[in-house]
Amino acid sequence: MGISRRSALKAMASVTATSAVSAISARPAAAAEAPADAVGMLYDTTLCIGCKACVVACADANDRERDTAWSEGKWQAPVDLNQHTRNIIKLYVDGPTRSFVKQQCMHCIDPACVNACMLGSLQKREFGIVTYEASLCTGCRYCQMACPYNIPKFEWTKAFNPKISKCELCNHRLAEGKEPACCEVCPREAVIYGTRADLLAEAHRRLEAHPDRYVPKVYGEFDAGGTQVLYLSHVPFEQIGLPDIGPRSVPETQRSLQHGIYQWFAAPVALYGVLAAVMLRHRAKQGNETAGNADGGQP
Amino acid sequence: MSAHADVRHAPGPVGGAFFTPGVKIVAVVAGIGALAIVYRLAFGLGAATNLNDGYPWGLWIAFDVVTGTALACGGYAMALLVYILNKGQYHPLVRPALLTSAFGYTIAGVSVVLDVGRYWLLWKVPLYFWHWNLNSVLLEVALCIMAYTMVLWIELSPAFFERGVTAETPWIRRVSERGLPFMKKALVWVIALGLLLPTMHQSSLGSLLLLAGPRLHELWNTPLLPLLFLVSCVGMGYAAVVMEGALASSVLKRRPEREMLAGLGQAILPVLGLYLVLRLGDLVWRGQLGALFAFDLYSVLSLIEIGLFIAAPLMLATERQRADMGNLFRAAMVLVLGGALYRFDVYLVAFNPGAHWSYFPSVGETLVTAGLVSLEVLGYVMIVKYFPILTGRAPEARAPILART
């Protein structure tokens, strides 16, 4: 007995089903390791005074247009990250509880945006910095759909040559031996630059020295598989816009599913063979039964 | 088994004038759409659309691409039935299904070109293979859809060659005369590709949103997304063929292939059964029944969506219901609505970038979509009038009723 249509359907169903199951029952993936040379930033809500010097410095360093929309052209006052603004200070208020929070790219260890990008326009390069290369970007914006922190922004106002805009940890400045502009300019050292390992050690030192001051956790140590920008906070992290994603990296579910299906491209090739074989069989049978039938199965 | 060799079911050009009043109206909508496209290209996405950094994907992706290609799965669903399940009697429905599929995918491609911000670099996606990010599901979807659009037109090419052999221009005749036998030999391999590619990318259109997992509502956030998208697109494919068959026969004044369309109504049933088992089973298994009956926006939309998927098979349950063309058409429409709502739910409702973001399609976006759909209708009418696609001759030329073979 050769290949039946039943086996073809089975093969088709199994292509998605088996891998769906394998993804669901997958062992928790081994946590992705930060690159050995990973650098990053540590931001501490208890030190930030909301002066926004970092916002201005960032726009300067990255040659961004001033976002003066909110102030109607008078001064730079972005209300959110956008095509002009790669770094922002926001204020969280809940009764007497207040906290500033800085937002920029988290430079994830396993970034969803990099996973999404068709031609690798977004890539994790030296020091684990997530960088953007416009010449390979089609402007599809899947990175925006993917990022759990809502970081990549698109230049909506440009009809020609719009790009994705996001914090690249001032990698052009790092190449000159300088720090990221936001860290360099911060008068309170609320945000500091360093290797991820050093920053983690510093964060834990602060947590131990002042357990009363902080929520007992370094955000980004394990969250979303770990990030290279780390946070210490005196208010719950979810309230200052850092979602509780859990320790599994964001792309893990999709990637294990997709690689389950397309490992070595074997399943699609096998399915193709089965489908063709079934049709050839039908055709041979039909040929025997109705020899000379002019309509040999053309659509 | 010789049903498709029956003269009654041989495809032929519909003929007649192209610019009927109906076609003129559709052409006007297409023209307005063209102006909206010019506006988008001249002034950019920010000016022409309501897309924003919270909702970077909107109507063009959710409708034109994700829903549009699912509706264009008629060719895929019919090929499954005819070539894999070997139901040769449905053969006459394959060509019209392939034609709508080819247009559906082509239109989706045009929408992608308009939707991406840097369309002049799209050529790099298939050609820069050394830059391919093999983790990117979107890359797979893009390559698959590009390939499948070509496959669809190749699958249709015998219809053009059949007409071409009678052409007056010698080179068209020559190409057609050589093309026909070649296609006959190659067809199995092309059709197999035409079955493989939609299996891949229709499921991947579901996988795409898995990457937005942390921002996807629990009612839709499941690793079964690819399977749910795949199964529902087959059902939507049959429904689209039924609707198209009924509409084409009524608008173009042809006798509808009643028995075949009713048969498709039956073929839909196991597909929808499987879908419902997966969809509801998934909600039970993940413990989301509470969320399903919370009666907030998400719950109500899921309930409507699941309700449509339950209503369609109920409307098609008996042979009598399926024999009633009006009822069959309505059931197909219910299913199409259910499948479309499911896709809108996943791409626009379940996806939540944060409270301060909102999205509703702009006038420009809507005009472009309406224009592209109109263009599709125009292309369809033009091709069925001049090329052998449709079967079922005009009523006045009806052949004497033959005994059923």
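All values reported here derive from a predicted model rather than from experimental measurement. Residue numbers start from 1 in every chain, and the chains themselves are labelled A, B, ... in the order their sequence lines are given, proteins ahead of strands.
- Proximity to chain A (any heavy atom under 4.5 Å) is shown, for A79(B), by neither the backbone nor the side chain.
- The greatest number of non-hydrogen atom pairs below 4.5 Å with chain B, out of P251(A), A112(A), C117(A), S121(A), is found for C117(A).
- Residue contact with chain A, scored on non-hydrogen atoms closer than 4.5 Å, is absent for W130(B).
- Nearest heavy-atom pair across A212(B) and M145(A) is CB-O, 3.5 Å.
- S157(B) does not touch chain A: none of its heavy atoms, backbone or side chain, sits under 4.5 Å away.
- When all heavy atoms of M118(A) and L139(B) are compared, the pair lying nearest together is CG-N, 3.7 Å.
- Looking at P214(B), the atoms closer than 4.5 Å to chain A (heavy atoms on both sides) all sit in the side chain, from C-beta outward.
- For L197(B), no part sits under 4.5 Å from any heavy atom of chain A, backbone or side chain.
- Contacts of L134(B) with chain A are made by backbone atoms alone, with heavy-atom separations under 4.5 Å and no side-chain atom involved.
- Heavy atoms only, all atoms of each residue included: R283(A) and K185(B) are closest at NH1-O, 4.4 Å.
- Here the OG-CZ distance, from S207(B) to R255(A), works out to 14.0 Å after rounding to the nearest 0.5 Å.
- The candidate with the highest count of non-hydrogen atom pairs below 4.5 Å against chain B, out of Q144(A), K158(A), Q83(A), H259(A), is Q144(A).
- In summary, of the residues considered (N52(B), D53(B), T49(B)), a side chain to side chain donor-acceptor pair (under 3.5 Å) with W156(A) occurs for D53(B) alone.
- Rounded to the nearest 0.5 Å, atoms CZ (R118(B)) and CZ (R141(A)) are 12.0 Å apart.
- W189(B) and Y272(A) have tilted rings, their planes meeting at an angle from 30° to 60° on a 0 to 90° scale.
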